[in-house]
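Just so you know, these numbers use all the heavy atoms, side chains as well, and skip hydrogens, waters and symmetry mates. These figures come from a predicted structure and were not determined experimentally. Both ligands and their constituent atoms are indexed starting at 1 by order of listing.
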Amino acid sequence: MRKEPKKRTERVAVVGVGILGASVGWNLTRLGAEVVFIDAARPGEGVTNWSFSWVNASNKTVRKSYFDLNVASMAAYQELARAVGPDSWWYPGGHLRWADDPAAEAKLLKTAELLVGWDYRVEVCTGAEVRRRLEPALAVPDDVPVVFCPDEAWVHGRHLVSRLVGLAVEAGAEHRFGTAVRDIGTGADGAVRDVVLSDGSRLDVDVVVNAAGPSASHVAGLVVRQLPMRWEPGAVARIACAQVPVHLPMHAPRIEIRPDGDGSVVLHSREIDALIDTGSEPAELGRLLHESARRVVPELGDSRITQTRVCNRPIPVDGFPSVGAVPSVPGYYEAVTHSGITLAPAVGRLLAAEILGGERDEMLADFGPERFGS
Ligand SMILES: Cc1cc2nc3c(=O)[nH]c(=O)nc-3n(C[C@H](O)[C@H](O)[C@H](O)COP(=O)(O)OP(=O)(O)OC[C@H]3O[C@@H](n4cnc5c(N)ncnc54)[C@H](O)[C@@H]3O)c2cc1C
């Protein structure tokens, strides 16, 4: 039986205002909670601003329940775009992927078949068709099979954070930016009671949501909880070009490319990420990304790198999200996940409902924080 939402208004501290914190906080505000957004730096400027930002489920076939959560979040993005308006952050239109060696190509086509079996929209085109219909500037061979997923998208994470936080603040949410959460106080019953900020202030709260991205383990430690996370850093470069020569996000061999709004393109590569721990400087990683991108989109030869940043991915150690209550610390919740760009709308909606309604959605069943112990 469904529990009635609690009568008393909850005061919730959302710790970390990247895409996860912004989505949880916006949803909580809509449901009537008093929200305080707290960020050690500026909202939306953590990993969320240094992500490839591809909204997809096609890369999430490792476990069906994880795939389903990502599909649900893709649908939640459509609703979010209707609710808050799509301009400046929502870029639907699909995603392209192809390979240049037989083994990788066979794997790609096998995954495409699996996806079709799971009712996911996939088209397999040729390079020549892609150039004619979608991306004239690509140096993709004519006959190579290209997997096109038309329901995928990319999101401008920083702009979306700003939209969600702005709307929540208009509706009464508070914010403390430029101050870190230094401590989380609990009462004699072990329940969350307050948070202490780095400026020395203390806020009385009923609930804390740990949405601190790569720093989530540290914040979990403030309630004496261990949240084991991976070290899996990624390098992203932004390049400026007079005219952006691509329209869609794409995984080409050894390089990922997507538009990034006005006069800008974002580049990422798993192969180049592998150089981070060998001590390569971000500037060198950016140069290598740019070189690879020019081979796929020759028009990028005229562009220049504006910034390269290395960030750690916020990935719990088993690779799956940690979302929900930690029963041993009443009032403490986690919203920590890789693929957070894709998952933010679903996680925000489901977690806000769990916090205020006391009931966990079946879709989150495999992703509870309690699997790491208490
Ligand atoms: C190279 C790369 C590529 C990626 N590509 C994709 C992709 O294509 N698709 C996809 O879905 N996902 C992708 N991701 C993952 C995605 O970017 C992240 O899962 C998502 O941005 C995480 O958002 P977040 O809100 O949890 O973290 P963040 O955006 O980092 O926000 C956390 C915030 O917490 C604040 N904070 C930390 N500690 C404290 C504290 N003690 N007190 C107060 N505030 C604090 C920080 O200042 C920060 O603003 C990628 C990640 C990387 C690194």
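Looking only at protein heavy atoms, the nearest one to atom 9 (N) of ligand 1 is Trp54 O, 2.9 Å. Closest to atom 29 (O) of ligand 1 among all protein heavy atoms lies Thr48 OG1, 2.5 Å. Distance from atom 33 (C) of ligand 1 to its nearest protein heavy atom, with residue and atom name: Asp39 OD2, 3.4 Å.
Salt bridge status for Arg371 with Asp366: absent, with no side-chain N to carboxylate O gap under 4.0 Å. At a threshold of 4.0 Å, the pair Lys110-Glu113 does not count as salt-bridged, since none of the basic side-chain nitrogens sits closer than that to a carboxylate oxygen. The pair Arg349-Asp361 does not count as a salt bridge, with every side-chain nitrogen at least 4.0 angstrom from each carboxylate oxygen.
Between the side chains of Glu152 and Ser58, at least one donor-acceptor pair of N or O atoms lies under 3.5 Å.
Both the backbone and the side chain of Ala40 come within contact range of ligand 1, each with a heavy atom under 4.0 Å. Only the side chain of Pro214 comes within 4.0 Å of ligand 1, judged by heavy-atom distances. Of all the heavy atoms of Ala211, the ones lying under 4.0 Å from any atom of ligand 1 belong exclusively to the backbone. Of the heavy atoms in Thr337, only backbone atoms (N, CA, C, O) come closer than 4.0 Å to ligand 1. Neither the backbone nor the side chain of Leu343 has any atom closer than 4.0 Å to an atom of ligand 1 (non-hydrogen atoms only).
Between the choices His95, Arg270, His338, the shortest heavy-atom distance to atom 15 (C) of ligand 1 belongs to His338. One option in Val47, Asn70, Asn210, Ile272 has a heavy atom closer to atom 51 (C) of ligand 1 than any other, and that option is Val47. The option from Ala235, Ser51, Ala212, Pro43 that lies nearest to atom 13 (C) of ligand 1, judged by heavy atoms, is Ser51. Comparing Gly340, Ala180, Ala335 against atom 16 (C) of ligand 1, the shortest heavy-atom distance belongs to Gly340. Around atom 41 (N) of ligand 1, the closest heavy atom drawn from Val181, Asn59, Ile315 belongs to Val181.
Of all atoms in ligand 1, numbered sequentially from 1 with element shown, those under 4.0 Å from a heavy atom of Ile19 are 23 (O), 25 (O). Close approach of ligand 1 to Val17 is summarised as follows: ligand atoms under 4.0 Å from at least one heavy atom of the residue are 33 (C). Close contacts of ligand 1 with His268, meaning ligand atoms under 4.0 Å from a residue heavy atom, involve 1 (C). Every atom of ligand 1 with a heavy atom of Gly213 under 4.0 Å away is listed here by number and element: 26 (O), 27 (O), 32 (C).
Aromatic pair His251/Trp98: ring centres not closer than 6.0 Å. Outside the 6.0 Å centre-distance limit, the rings of Phe52 and His95 are not counted as a close aromatic pair. For Phe177 and Phe37, the ring centers are positioned 6.0 Å apart or more.
At under 3.5 Å, not a single nitrogen or oxygen of Val15, backbone or side chain, sits near a nitrogen or oxygen of ligand 1. For the pair Phe52 and ligand 1, the shortest N or O to N or O distance falls below 3.5 Å.
For the pair Arg313 and Pro233, the tightest heavy-atom approach, listed with the atom from each and the gap, is NH1-O, 3.0 Å.
No more than 12 heavy atoms of other residues, nucleotides or ligands lie within 6.0 Å of NZ in Lys107, so this atom counts as exposed by the packing criterion. Within 6.0 Å of atom CZ in Arg202, 12 or fewer heavy atoms from other residues, nucleotides or ligands are found, so the atom counts as exposed in its surroundings.
A donor-acceptor pair under 3.5 Å is absent between the side-chain atoms of Thr308 and the main chain of Ala237, judged by distance alone.
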